[in-house]
Amino acid sequence: MRLRTGIRLLAIAVAGLLLAGCTGLPTSGPPNAGLTVGEDGEEPDFTPIAPDPEPGAGPERIVAGFLEASMTPANNWEIARKFLTEDFSREWDPEVGVAIDSSVLKREFDPSVEADDEAATTAEVNVQLDQIASVDADGAYSAATGQAKATYRLVRAEGGEWRISEAKDGITLDIETFAKVYEKFSLKYFDPSWSHLVPDVRWYPRRAAMATTITRAVISGTPTDWLAPAVQTAFPADVALVGDAVPIDADQVASVSLTRSALSASSAVLARMRTQLEASLAGAGVAEVRFVVDGSPLSADTVSLDESIVDPGVLVLTDETFGTAGAGGDIAPVTGLTAQIDKISSPIQAMDISRDALLAAVQQGDGRVFAVSDGTANEVDSRSNLVTPSLDPFGFIWTVPRHEPGEVKAWEARVVEHNVVADWPETDSISHLRVSADGARVAGVVASGGQHRLVVASVVRGEGSAPVELGDVQEIALLSGPADGIAWIGADSIAVLSSAPGTALTTYMVGGPAAVSPAPEGATSLAGAKTTTGLRVLTSDGAVYALRGSSWQSSVQDVLVLGTRAGY
């Protein structure tokens with residue numbers, strides 16, 4: 001395999017082009033009138049623009065140019081099609097999916113024909129990619145770490161120019177370019193109780209008419225396979241979108257035309273439909289959804305949701321008491337919990353507090369887990385080597401032994417046991433388990449053969465919202481070492497605290513790329529929040545740190561245990 005110097009130089013030139021393209025402003029040419037508010041256009045003008053094929057370019061340069069042209073989805077990848085023969089251009093489907101590699105500089109090209117071989121009429125170019133992820137035809141993102149090989153067959157077209165005549169459908173993007181070409185959206189689905197909306201992250205090429213793409217996906221699409229057992233849609237199967245566009249007016253109100261079958265939906269169903277679609281379209285700048293049938297408005301209210309608690313404060317246990325830490329270092333008691341927790345004489349190593357602050361899952365130093373409420377402390381699990389317990393929004397306390405990852409249990413506070421069927425493929429142990437705020441997903445760090453993986457799974461619930469089993473496990477990332485803590489950030493990201501090879505906090509989007517940043521030295525535990533700025537980290541010297549801008553600053557001292565809030 002050979003990595004050509006020319007390809008390196010071309011990649012550098014493309015990087016410069018991307019920087020110019022990201023600004024969203026043309027660098028030359030006459031001014032053009034933009035779209036009016038709410039008007040749909042073919043493509044936005046802020047996507048990066050790739051160069052056309054170079055005259056006289058050899059097979060290797062044609063394939064490299066074709067891969068770079070993946071960054072311009074305008075007019076159904078019109079530029080990329082210029083690198084193909086006319087026949088293959090009509091067959092090639094770029095929207096089958098995306099292969100995401102680590103860098104254009106790491107692509108290795110192996111052509112069967114040299115650029116100066118004027119006698120050759122056919123050629124083959126093999127490309128080795130350092131693949132890190134993929135996106136399927138429905139916009140679902142998955143980790144896919146490893147080497148990947150792609151083969152391109154070329155012929156000399158009219159005029160003697162090399163053009164690609166055979167290749168796999170789909171496109172290839174490096175991770176830096178991916179975020180410029182594709183945009184993240186969260187499709188929303190209801191949990192079985194109709195009280196929570198659960199995000200299903202999708203990635204779509206940047207276009208002007210994103211509202212149409214999202215609306216069609218919500219109404220006629222299906223949840224990602226691993227999430228599907230835990231969620232449901234409000235849209236009946238016989239209701240569909242009418243037309244090819246969802247117009248948006250100057251007040252950011254989207255008019256969604258539905259088939260006549262929507263007229264038979266009850267007011268409760270219509271309210272859920274509007275709530276689900278409105279939440280899904282919020283990321284596309286839509287403030288309100290109005291349904292239309294045969295040109296006439298269809299009245300629909302919205303439903304109230306079980307929202308997460310706002311700004312719960314920092315929960316801490318000190319030598320003196322348990323409570324919420326104030327700005328001045330004072331500890332305010334938590335009504336109903338502080339008095340009961342202060343009665344516990346044994347050392348405490350972890351506490352997870354319900355969102356209404358009426359129940360706490362307390363793990364003592366010997367590993368036993370208790371359900372603590374006003375005037376009550378019931379031992380729920382005394383199995384050895386239990387991981388830190390996690391409360392879900394329905395009041396169930398989740399526990400599992402480290403070396404028996406399949407033995408997951410969920411407990412009612414009155415010590416009623418529920419076995420949760422859990423199959424963690426190729427897993428010897430589990431070190432962390434956290435249920436999301438909507439209760440539809442669980443995140444865990446599992447290990448096998450010395451390798452540690454961050455995974456998620458859907459939660460299937462039965463009568464009374466009791467967890468029954470976990471769905472298929474979806475791997476989010478292969479970790480570089482053991483985790484010191486995990487926490488949910490908002491609804492679609494998981495933070496992992498690690499100390500090897502260096503102290504770091506890595507944020508993994510469930511259905512998207514990861515971002516790594518430094519963490520305070522000596523970090524031992526982590527508490528999640530609705531946003532990154534709400535994260536808290538406890539260090540070995542008893543200091544609690546919070547993010548202020550891009551740096552960590554100490555906010556509380558002399559803390560023994562950093563409490564967590566259920567779902568985060």
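Side-chain atoms of Ser458 come within 3.5 Å of backbone atoms of Trp226 as a donor-acceptor pair (strictly under, hydrogens ignored). Between the Thr427 side chain and the Pro425 main chain, a donor and an acceptor come within less than 3.5 Å of each other. For Trp424 (side chain) and Pro405 (main-chain N/O), a donor-acceptor pair under 3.5 Å exists by modelled atom type. Distance alone, capped at 3.5 Å, is enough to place a donor-acceptor pair between the Arg536 side chain and the Gly534 backbone. A donor-acceptor pair under 3.5 Å links the side-chain atoms of Thr212 to the main chain of Val246, judged by distance alone. With hydrogens and angles disregarded, no donor-acceptor distance shorter than 3.5 Å links the side chain of Asp200 to the backbone of Leu227. Side-chain atoms of Gln364 never come within 3.5 Å of backbone atoms of Arg368 as a donor-acceptor pair (strictly under, hydrogens ignored). Of the possible donor and acceptor atoms, one in the side chain of Asp136 sits under 3.5 Å from a partner among the backbone N and O of Asp138.
Between Trp203 and Phe178, the ring centre distance stays below 6.0 Å.
Between Arg441 and Val198 the shortest side-chain heavy-atom distance falls below 4.5 Å. Considering only heavy atoms from C-beta on, Asp438 stays 4.5 Å or farther from Leu197 through its side chain. At a threshold of 4.5 Å between non-hydrogen side-chain atoms, the residues Asp423 and Leu470 do not count as touching. Two residues are said to be in side-chain contact when any heavy atoms from C-beta on lie closer than 4.5 Å; Val231 and Asp191 fail this criterion.
Shortest non-hydrogen contact noted between Arg461 and Val435 is NH2-CG1, 4.4 Å. Nearest heavy atom pair, residue Asp428 against residue Gly449, reads OD2-N, 3.4 Å. For the pair Leu359 and Gly395, the tightest heavy-atom approach, listed with the atom from each and the gap, is CD2-O, 3.8 Å. Nearest heavy-atom pair across Val269 and Ala234 is CG1-O, 3.6 Å. In terms of heavy atoms, Val201 sits closest to Gly511 at CG1-O, 3.2 Å. Smallest separation of non-hydrogen atoms from Gln363 and Val387: NE2-O, 3.5 Å.
Salt-bridge check for Lys188 with Glu278: failed, with every basic side-chain N at 4.0 Å or more from each acidic carboxylate O. Contact check on Asp306 versus Arg355 returns a salt bridge, with a Lys/Arg side-chain nitrogen under 4.0 Å from an Asp/Glu carboxylate oxygen.
Atom CG of residue Asp352 and atom OG1 of residue Thr564 lie 3.5 Å apart, to the nearest 0.5 angstrom.
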Just list the side-chain donor-acceptor pairs under 3.5 Å for residues 555-563, sequence neighbours left out, or say none.
from: Ser555; atom 1: OG; to: Val544; atom 2: O; distance (Å): 3.1
from: Gln557; atom 1: NE2; to: Ser554; atom 2: OG; distance (Å): 2.4

List the atom pairs, with distances to 0.1 Å, where a side-chain N or O of residues 485-507 and a protein N or O form a donor-acceptor pair under 3.5 Å, not counting sequence neighbours.
from: Trp488; atom 1: NE1; to: Arg434; atom 2: O; distance (Å): 3.2
from: Asp492; atom 1: OD2; to: Lys184; atom 2: NZ; distance (Å): 2.7
from: Ser499; atom 1: OG; to: Asp484; atom 2: OD2; distance (Å): 2.9

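With sequence neighbours excluded, no residue forms a salt bridge (charged side-chain N to carboxylate O under 4.0 Å, His left out) with Glu404. Pro205 pairs by the side-chain contact (heavy atoms from CB on, under 4.5 Å) definition with Pro73, Trp77, Tyr182, Arg207, not counting sequence neighbours. Qualifying side-chain contact (heavy atoms from CB on, under 4.5 Å) partners for Thr376, counting only residues two or more places apart in sequence or in other chains: Ser373, Asn378.
The local environment of CD in Glu426 is sparse, with at most 12 non-hydrogen atoms from other residues, nucleotides or ligands closer than 6.0 Å. Counting non-hydrogen atoms of other residues, nucleotides and ligands closer than 6.0 Å to CG of Asp366 gives a total above 12.
Listed by first and then second residue, the ring pair (Phe, Tyr, Trp, His ring centres under 6.0 Å) pairs that reach into residues 360-398 are His196-Phe394, Phe396-His418, sequence neighbours excluded.
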Step-by-step side chain to side chain donor-acceptor pair (under 3.5 Å) determination, Arg402 to Ser431: CA-CA 6 Å; Arg402 290 178 179 272; Ser431 59; 5.0 Å; no

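A donor-acceptor contact closer than 3.5 angstrom links the side chains of Trp411 and Thr399.
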